[in-house]
Protein chains: 2
Amino acid sequence: MKVMRETIVSTARELFRSKGYAGASMNDLADAVGLKKSSLYVRFPNKEALVPAVLDLTLQETFGDRDRGSRQWDVEFADVIELIATTLTDRGRCVGLHLAYGTSDETPIAKDAVRAFFQAHRDHLSSILSRAMPADVARNIATDTLARLEGATAFVAIFGEKDAMKRAVRLSIEEAKNAAVATSLSRVSS
Amino acid sequence: MKVMRETIVSTARELFRSKGYAGASMNDLADAVGLKKSSLYVRFPNKEALVPAVLDLTLQETFGDRDRGSRQWDVEFADVIELIATTLTDRGRCVGLHLAYGTSDETPIAKDAVRAFFQAHRDHLSSILSRAMPADVARNIATDTLARLEGATAFVAIFGEKDAMKRAVRLSIEEAKNAAVATSLSRVSS
DNA sequence: TTGACAACCGACCGTTCGGTCGTATTTTAC
DNA sequence: GTAAAATACGACCGAACGGTCGGTTGTCAA
């Protein structure tokens, strides 16, 4: 009857996503995976330790087995943000953002994990974009893309609307391509 | 020693903003306003009833005493989104979004209040924009503007970065102006 | 078959949660 | 001046919280 660690982590992710850090209880998690609360403490020292595990799993699923650099930058960029957008649309909420809002100085480990989570997202996107534009431009576009996706998720969460997410994806891809064109033009003129 | 209702509501807003619905307790609120918990229940029937009060206050402060329609649409649009952006940057979080993520079917009154809150934001922005463009375009731009602001707030919350918010404001204003120009051009050509 | 080890559970701890109620105190109205 | 209404409080409730601990069960290698 052994319960997989990944089962616990991905179930914890669902709970954090829908109820937030404070709203999700260890008892909820235990019930959801078919264990008793005390058994959870064999695998995780405390509730806070679930947060890095949850975010690491999500990062792995998003950027893990991606064939990095083997394709055109624009295809890879479009692929990864469409993957993120689809996940956000299907789940209706972003675990990372819910945990970002739900953690504070009282949960420093969770807070650090959230920072690392978003930093990793930005770094990944930025590294794809910087194949076609200067690093500072890439970083800003990566940031704005993530912001747009997070904001569009709010409209999925509140109204169930998916249009905003579609526009966010389209506009982000356009913005990246425009920046790439502007970069190549300025290279020619200089 | 009477404590103003608005004091309670705006203090509740701070708590909801920083700790979320589940994370903010009635005891926290009582301590913060200098009352005992039982005294709060004289003014509010339960915790959930604080949510509409908090969001109504915020709406009032954002759109309340604005001289509607007396100025150019673009000035008014820029003004109101700069007010929102400044508030979000200063506070580091959006109460509305934190409550949107923190409420569920178990708190229907709060959930409805959140929907009304964001709908009111969208309606207000949309009505300003529709002075210069078709209603459907205005609605989409209003939505995307709010999404951008919410997303940029995440980067303030997580990294303390304010640049993303500045870009969000600038890009939203540009997008609105471009749509207005496109509208007037298509009117001429038809 | 047995010993060892990992997985799991029930009972329990102190604390905090949202919420209620009877009562004391202050303000207001007549 | 006095009655009524508003305001605040202390004590309390059952439930849920995160977390601990001693003991039982299941698995597997020797």
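All values reported here derive from a predicted model rather than from experimental measurement. Every chain is numbered from 1 and lettered A, B, ... according to where its sequence line falls, protein lines coming before strand lines.
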> To the side chain of B/Val3, which of C/dC8, D/dA8, C/dG19 is closest?
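Between C/dC8, D/dA8, C/dG19, the one nearest the side chain of B/Val3 would be D/dA8.
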> Before you tell me yes or no, could you show the steps for A/Arg148 and A/Glu175 under salt bridge (Lys or Arg N to Asp or Glu O under 4.0 Å), namely the whole-Å CA-CA distance, both residues' side-chain angles and the distance that decides it to 0.1 Å?
CA-CA 12 Å; A/Arg148 246 192 295 248; A/Glu175 188 185 9; 2.3 Å; yes
> Which word best sums up how the rings of B/Phe63 and B/His124 line up, parallel for under 30°, tilted for 30 to 60°, or perpendicular for over 60°?
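Ring orientation, 0 to 90° scale: parallel.
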> Do other residues, nucleotides or ligands put more than 12 heavy atoms under 6.0 Å from B/Glu174 CD?
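Counting neighbours around CD of B/Glu174, more than 12 heavy atoms of other residues, nucleotides or ligands fall under 6.0 Å, so yes.
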> Does B/Lys47 qualify as a cation-pi partner of B/Tyr41, given the criterion of NZ or CZ under 6.0 Å from the six-membered ring centre and within 45 degrees of its axis?
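Relative to the ring axis of B/Tyr41, which defines the angle, B/Lys47 lies outside at least one limit.
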> Rounded to the nearest angstrom, tell me the gap between atom CD1 in B/Ile8 and atom P in D/dT7.
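Atom CD1 in B/Ile8 sits about 10 Å away from atom P in D/dT7.
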> Rounded to whole Å, please give me the gap between CG in B/Leu35 and P in C/dT25.
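Taking atom P of C/dT25 as the reference, CG of B/Leu35 is at 18 Å.
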> Tell me: OH of B/Tyr41 to C1' of D/dA6, nearest whole Å?
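Nearest whole value for this atom pair: 20 Å.
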> I'd like a table of atom pairs between the protein and nucleotides 13-17 of chain C - only N or O on both sides, under 3.5 Å - with the distance next to each one.
from   : atom 1 : to      : atom 2 : distance (Å)
C/dC17 : OP1    : B/Ser25 : OG     : 3.1

> Taking 4.0 Å as the cut-off, does a side-chain nitrogen or oxygen of B/Lys2 come that near to OP1 or OP2 on D/dT7?
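True: B/Lys2 side-chain N/O within range (under 4.0 Å) of D/dT7 OP1/OP2.
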> Can a donor-acceptor pair under 3.5 Å be found between the side-chain atoms of B/Ser38 and the base atoms of D/dG10?
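Such a pair exists between side chain and base.
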> Take the protein atom NZ of A/Lys19 and the nucleotide atom C1' of D/dC17, then report the distance between them rounded to whole Å.
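So the NZ-C1' distance, A/Lys19 to D/dC17, works out to 13 Å.
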> Give a yes/no verdict on a cation-pi contact between B/Arg115 and A/Phe159, requiring under 6.0 Å between NZ or CZ and the six-membered ring centre and an angle within 45° of the axis.
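No, cation not above the ring by the 6.0 Å, 45° rule.
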> Between A/Ser39 and A/Tyr21, which residue's closest nucleotide on DNA chain D lies nearer the 5′ terminus?
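The answer here is A/Tyr21.
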> Going by distance alone, is a donor N or O of one side chain under 3.5 Å from an acceptor N or O of the other, for A/Arg122 and A/Thr143?
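The answer is yes; a qualifying pair exists.
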> Tell me: CZ of A/Arg43 to P of D/dG19, nearest whole Å?
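Result: 17 Å.
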> Using whole Å, what does the distance between atom P of nucleotide C/dC21 and atom CG of B/Leu40 come to?
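Between P of C/dC21 and CG of B/Leu40: 17 Å.
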> Taking atom C1' of D/dG19 as reference, at what distance in whole Å does atom CG of A/Leu50 sit?
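Distance, rounded to whole Å: 13 Å.
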> Assess whether a salt bridge exists between A/Arg131 and A/Glu76, defined as any Lys/Arg side-chain N lying under 4.0 Å from an Asp/Glu carboxylate O.
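Judged by the 4.0 Å cut-off on N to carboxylate O distance, A/Arg131 and A/Glu76 do form a salt bridge.
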> Tell me the interatomic distance from B/Met4, atom CE, to D/dT7, atom P, rounded to whole angstroms.
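Taking CE of B/Met4 and P of D/dT7, I get 10 Å after rounding.
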